[in-house]
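Beneath this line is the structure, given in structure tokens, with notes to follow.
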2 protein chains.
Amino acid sequence: MSTARTPFTLAPVSGVRSETVRSANLATILRELHFHGPASRSELVARTGLTRSAIGALVGELVKADLVSEQRAASDGSPGRPSPVAAPIPERNVTLAVDVAVDSLGVAAVGLGGVVLRSERIDRPRERVAVDATIDDIVAMVGRIEAALDPGVRVLGIGVGVVGLVNRTDNSVSIAPNLGWHDVAFGDRLQRALGRKVDVVVSNDADLAALAEVRRGVATGAREVLYVWGEVGVGGGLISRGEPITGAAGFAGEVGHVPVNPDGRPCRCGSTGCWETEIGEGALLERSGRSPDGGRDAVDALLADADAGVPAALDALAVEARWLGIGLAGLVNVMNPSMVVLGGLLGRVFPYVHDEVLAEIDRRALASARRGVVVVSSALAGDAPMLGAAELAFEPVLADPLGTLRKISTRR
Amino acid sequence: MSTARTPFTLAPVSGVRSETVRSANLATILRELHFHGPASRSELVARTGLTRSAIGALVGELVKADLVSEQRAASDGSPGRPSPVAAPIPERNVTLAVDVAVDSLGVAAVGLGGVVLRSERIDRPRERVAVDATIDDIVAMVGRIEAALDPGVRVLGIGVGVVGLVNRTDNSVSIAPNLGWHDVAFGDRLQRALGRKVDVVVSNDADLAALAEVRRGVATGAREVLYVWGEVGVGGGLISRGEPITGAAGFAGEVGHVPVNPDGRPCRCGSTGCWETEIGEGALLERSGRSPDGGRDAVDALLADADAGVPAALDALAVEARWLGIGLAGLVNVMNPSMVVLGGLLGRVFPYVHDEVLAEIDRRALASARRGVVVVSSALAGDAPMLGAAELAFEPVLADPLGTLRKISTRR
DNA sequence: GCAAGTTTGTCATCTTCTGCGACAAACGTC
DNA sequence: GACGTTTGTCGCAGAAGATGACAAACTTGC
């Protein structure tokens, strides 16, 4: 019947039925509780615009599904019948978050509402970074974490952050130079190793850190955010309209490989003059007269020198500031964010070079795009990718609570 | 049936009621007809997943609202009762599109479905670029265009594209260097001059060209698109998830001012080594030994030389290609688009340097992000911004057909 | 300690909108 | 011209939120 048409659909072509309404309203309430914490029914009425009866029925359904509990409000002194407070139940609804970093491995159980219930992080030597060893370690850690959780707990999803380029369409790792991984179907393999039917979603760790900052960090509530994370390599996450920009296959946000100095030094990606070659840990250390692979200890020493006013350290930081500003200016012109968040090494360095970075941005970014941009260091330290992974794993439940629960329970 | 998967919506805190469902379904049908052209009721049933009765009622309402007409289908030889074909009524539902370019002014009436019903473009001398003169000219052109339209026509919205930085939050032009404008409340002033209560929406012309390419040009249906438009200046439009990225205040997409050569030549924006200084018309002409402000004629001559194999022209194009590739590689790493569209001068030059540009992208973009990226020249030539402006103006009607019509008719 | 005022949960009923199924209309085929 | 197929139409059912009346639970004031 259908004459061949564009396989693409411009608008989300899908009819809406009554049950869609229910699902959307349940999702709205659960999101509200997950992101803004416990709220009384009357607060929910005010925030959603729904009526008392509708809220009553909706919250009732969430309670019945064991996602939410209702308790009498602590009297706050105002007149009128007290409104029961609805709160997410973290102990019974968790996601497992995994962070595959360069030299460590983290696993956490995060409860609905964003509470970290248990977490564990292990350093790992070079010989444990292979895919199989990583999966074995994760399985062991997950086992320990789960053993410590409440018996009635449900795992709603598993989110994984990996230092590398992740294909979001199939949860595979395309390439992770720091791990030596290449085209690994990591999501599928981990899911099989865990023996679960719960979905495993994999994403780039910088993207997840950005998500975490927007959900629960310094950028909470901001809708247009540029997150740049730098250590040895430099990555980033872009948030637009409050949601991550993934790009066609999930590779968006690789800001570390924007050419800022096309005749500069070679980058391990094969190009030359990538931003990463100018602001990465190696460049910073080298400029201060240190070995480029001195690691975290060398950075600590450098910053201590800067505190002490050692000229070599200050000079190195000044150059770092210039290149940091140059790259940020370009990205500000491209994205017009309301906030720029710097994580990792960059977040540590930024307080030392605050003025110089902003000056460089002023010099190079268009006044209109630059106006109102706030630049800050990350607030979430090293756990940001893990928190982001948990949020990613919560997403299906938040989008369609009862439908997702049904799917999980039937599949197990 | 498949509820549109909308990941990551941070609580659009608003309850959904029954009437929202009707509005959403009307919007879905109208979008379908506007973007994919006439469709039989049974086709609409198949595409939306709604039932025959629902489609019947919904289309009936659109017909009653004079947005859509129904006609007997031309018999196509298949058995069964023929399904009436619903089609948008362009003659009765139009938006006015205005394009404020550097040396010309365009106005068009675009009918529902995207048909250009009337259009007019005037060249204008330097002394007519002032704001008042521009508004006077637009008002006169709109008068002429409207006089030629059907009597029963409704103007559903007015969209304006301006060569300059436009603040989308208040429809003002922050700065338009080519016009000498600075902080002009252009939307408000034009609306007053036109004496209309219909909303006037203003946007950057490159952003609108990008929108046009995604809606009705080479990128139709693509969801992640990078559009780069270059003449004297270089601008761009970013499309993610099928929709434009505006940034915090509407200034996103200023790719022309990404620093690609920080120690390069000064840019009129005050920075140095902006991409624009390397790939703009001026740089291209200068490298070929011509005056940097030779304009379109000089570019024609340059391309003719290239056709003839003149070394100076070929060399200039090779350098242009290199810098074009460098900048695109960076943006591909940042956005991971599925398609890159080049417009204006860049669209004309690209066929000459296709291989060199792609080679430079291969050299500098990460293989993962680069894979599957198609680079093409724009298909819509000079009218792209105007088509985009029309689409922008249609948006409210497409999002809530009856509600917007009601608003328009009561305010007039 | 009790009445009044205020706020909010609950319940029955109404409204809106879509799904479902039966029937009829309009087409092609044999 | 009978038959099969496809599709519009119409009545009815089901789902979900709105409305409004009433009751419950709290504070305040005396």
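The sequence lines fix the lettering, A, B, ..., with proteins before strands; numbering per chain opens at 1.
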Those residues of residues 80-89 of chain B lying under 4.0 Å from DNA chain C by at least one heavy atom: G80(B), R81(B), P82(B)
Give every pair of a protein N or O atom and an N or O atom of nucleotides 12-15 of chain D that lie under 3.5 Å apart, one pair per line with the distance.
none

Any residue meeting salt bridge (Lys or Arg N to Asp or Glu O under 4.0 Å) with R216(A), in chain and number order, not counting sequence neighbours: E391(A)
Test item: S338(B) side-chain N/O and A248(A) main-chain N/O as donor-acceptor pair under 3.5 Å: no
Exam field: side chain S83(A) to backbone S42(A), donor-acceptor pair closer than 3.5 Å: yes
Residues which pass salt bridge (Lys or Arg N to Asp or Glu O under 4.0 Å) with D199(B), listed by chain and number, not counting sequence neighbours: R411(B)
Reported CD-to-OG1 distance for the pair E224(B) and T246(A), which is rounded to 0.5 angstrom: 5.5 Å
S23(A) side-chain N/O to E19(A) backbone N/O, donor-acceptor pair under 3.5 Å: no
Results of salt bridge (Lys or Arg N to Asp or Glu O under 4.0 Å) for E61(B) - residues two or more places apart only: R22(B)
Short side-chain N/O contact from N25(A) to OP1 or OP2 of dA16(D), under 4.0 Å: no
Donor-acceptor contact below 3.5 Å, side chain E213(A) vs main chain V218(A): yes
Check: V153(B) main-chain N/O paired with E91(B) side-chain donor or acceptor under 3.5 Å: no
Step-by-step side-chain contact (heavy atoms from CB on, under 4.5 Å) determination, V155(B) to R196(B): CA-CA 10 Å; V155(B) 176; R196(B) 298 297 186 76; 4.0 Å; yes
Residues which pass side chain to side chain donor-acceptor pair (under 3.5 Å) with D170(B), listed by chain and number, not counting sequence neighbours: S172(B)
Near-strand residues of residues 51-66 of chain B, defined as heavy-atom separation under 4.0 angstrom from DNA chain D: R52(B), S53(B)
Sequence neighbours excluded and cut-off under 3.5 Å, please list the side-chain donor-acceptor pairs for residues 49-58 of chain B, or say none.
from	atom 1	to	atom 2	distance (Å)
T51(B)	OG1	S53(B)	OG	3.3
T51(B)	OG1	A54(B)	N	3.3

Nucleotide range of DNA chain C lying under 4.0 Å from chain B heavy atoms: dT16(C) to dG28(C)
For D66(B), all residues meeting salt bridge (Lys or Arg N to Asp or Glu O under 4.0 Å), sequence neighbours excluded: R92(B)
T404(A) side chain vs D400(A) backbone, donor-acceptor pair below 3.5 Å: yes
Sort me out a list of protein N/O and nucleotides 28-30 of chain D N/O pairs below 3.5 Å, or just none if empty.
none

By side chain to side chain donor-acceptor pair (under 3.5 Å) - contacts of E243(B) (at least two apart): none
